[in-house]
Amino acid sequence: MQAVVNIAAYKFTSLTDLPSLRADILARAQAADLKGTVLLAEEGINLFLAGARAGVDAMLGWLRADPRFADLEAKFSLSDAVPFQRLRVRIKREIIRMNHPAIQPEAGRAPAVSPTTLARWLEQGADDEGRPLVMLDTRNAFEVDAGTFEGALDWRIDRFTQFPAAVRAHRDSLQGKAVVSFCTGGIRCEKAALYMAEAGLDHVYQLEGGILKYFEETGGKGFKGHCFVFDERIAAGGQPAAGRPARCIAAPMAGRP
């Protein structure tokens, strides 16, 4: 049986024709026999889709033909079955809700650290200038409970809209350190790093591509447990104690926004 291809991707880019774009994406995804969720907002696109390789490739090719999505990068994984029950394309106020409209990633990204560089920093315990390394998990508490980087900060937030208040409460303890924010696919940590810079922290980074990209490029070194994903697999495997490579675990789970 041919494996199902799963993709996760996002792009901060100005979108003004949301209803017509929604209709076009829905039609294309249906024609490619894909299931999953696509979120559209004036700030960009966020998608999780699954299906046969040919359908996934056709969808990505069509999206990238639009100049707004020409450099859209996707994270890939495989599963034995499609981990979504249906296809949904929705228009939202934000593709990842923070309730802080001053944060506009399209206007300028926060500095990013690549997975391979982060793996080296984790071994060193510091960045290349010798600043102590702090890993900051920007995900919700129940996601962190499935797995996270060893020693990462976990502020026990229940939703991403609580992140700004958590930064204000803990800002002083982060001064002078290299803070790497991370999340599942990169979208939350991108906004998180920008907010921390706005809050006055000088050495903040986002993990490029999030945990999923880190798994792809490093095998999950330093990550304990599994990465919670919002589909019916529940989790993509990181590096358990036995050091096994990244994998997916199938289990029924209702998606959450």
Side-chain angles (χ1 to χ4, degrees), residues 1-13 15 21-22 24-41 43-92 95-96 105 112 114-115 139 143 182-190 206-220 226-238 245-251 253 255-257:
M1 183 176 63
Q2 189 176 20
V4 171
V5 177
N6 304 273
I7 57 169
Y10 74 92
K11 172 71 176 178
F12 286 106
T13 184
L15 301 177
L21 181 59
R22 177 193 177 277
D24 289 344
I25 289 176
L26 181 61
R28 290 282 178 167
Q30 288 173 333
D33 197 23
L34 302 180
K35 290 184 172 63
T37 299
V38 180
L39 300 180
L40 299 170
E43 67 178 3
I45 186 172
N46 187 18
L47 62 88
F48 302 87
L49 294 171
R53 183 74 200 215
V56 168
D57 288 346
M59 188 71 196
L60 286 175
W62 177 78
L63 281 169
R64 289 168 177 160
D66 186 323
R68 297 170 296 183
F69 308 128
D71 58 351
L72 182 72
E73 294 187 9
K75 277 79 69 175
F76 291 84
S77 63
L78 301 177
S79 60
D80 294 331
V82 175
F84 303 101
Q85 295 182 1
R86 58 189 181 276
L87 173 65
R88 298 181 292 186
V89 183
R90 295 179 170 177
I91 296 174
K92 309 284 281 187
I95 55 174
I96 183 65
S114 71
R139 300 172 300 158
E143 298 172 78
F182 66 93
C183 61
T184 306
I187 188 169
R188 282 176 284 187
C189 57
E190 182 157 352
Q206 56 183 313
L207 173 57
E208 190 71 60
I211 298 167
L212 297 180
K213 195 66 173 179
Y214 188 82
F215 285 174
E216 281 186 25
E217 296 191 5
T218 73
H226 303 286
C227 178
F228 188 100
V229 290
F230 289 95
D231 60 40
E232 293 177 358
R233 291 172 296 168
I234 288 188
R247 61 192 177 92
C248 292
I249 300 174
M253 178 68 198
R256 293 184 55 169

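Residues take their numbers from the sequence shown, with the count starting at 1. Note that these values count all heavy atoms, side chains included, but never hydrogens, waters or copies made by symmetry.
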S.K.: Could you check whether any side-chain heavy atom of Gln85 comes within less than 4.5 Å of a side-chain heavy atom of Lys35, counting everything from C-beta outward?
M.R.: no
S.K.: Among Leu63, Leu40, Val89, Leu60, whose side chain to side chain contact (heavy atoms under 4.5 Å, CB included) with Leu47 holds?
M.R.: Leu63
S.K.: Would you say Glu216's side chain and Phe76's backbone share a donor-acceptor pair under 3.5 angstrom?
M.R.: yes
S.K.: Looking at CZ of Arg88 and CG of Leu49, how far apart are the two atoms once the value is rounded to the nearest 0.5 Å?
M.R.: 11.5 Å
S.K.: Can Asp24 and Arg28 be counted as an ion pair, charged N to O under 4.0 angstrom?
M.R.: no
S.K.: Of the non-hydrogen atoms in Ala50 and Val82, which two are nearest, and what is the gap between them?
M.R.: CB-CG1, 4.1 Å
S.K.: Is any side-chain heavy atom of Val4 closer than 4.5 Å to one of Leu78?
M.R.: no
S.K.: Charged N to carboxylate O under 4.0 angstrom, Glu73 versus Arg64?
M.R.: no
S.K.: Quick one: closest heavy-atom pair of Cys227 and Thr184, and the distance?
M.R.: SG-CG2, 3.7 Å
S.K.: Do you know which two heavy atoms are closest between Ala41 and Lys92, and how far apart they sit?
M.R.: CB-O, 3.1 Å
S.K.: Closest heavy-atom contact between Cys183 and Gly186?
M.R.: SG-N, 3.2 Å
S.K.: Please say which of Ile25, Leu39, Asp66 ends up in a side chain to side chain contact (heavy atoms under 4.5 Å, CB included) with Ile45.
M.R.: Ile25
S.K.: For a 4.5 angstrom cut-off between non-hydrogen side-chain atoms, does Asn6 reach Pro83?
M.R.: yes
S.K.: Determine whether the side chains of Tyr10 and Glu190 contain a donor N or O and an acceptor N or O closer than 3.5 Å.
M.R.: yes
S.K.: Hey, could you give me the CZ/CD1 distance between Arg139 and Ile211, rounded to the nearest 0.5 Å?
M.R.: 3.5 Å
S.K.: Do you know which two heavy atoms are closest between Glu208 and Ala112, and how far apart they sit?
M.R.: OE1-CB, 3.0 Å
S.K.: State, yes or no, whether a side-chain contact exists between Phe48 and Val38 at a heavy-atom distance under 4.5 Å.
M.R.: no
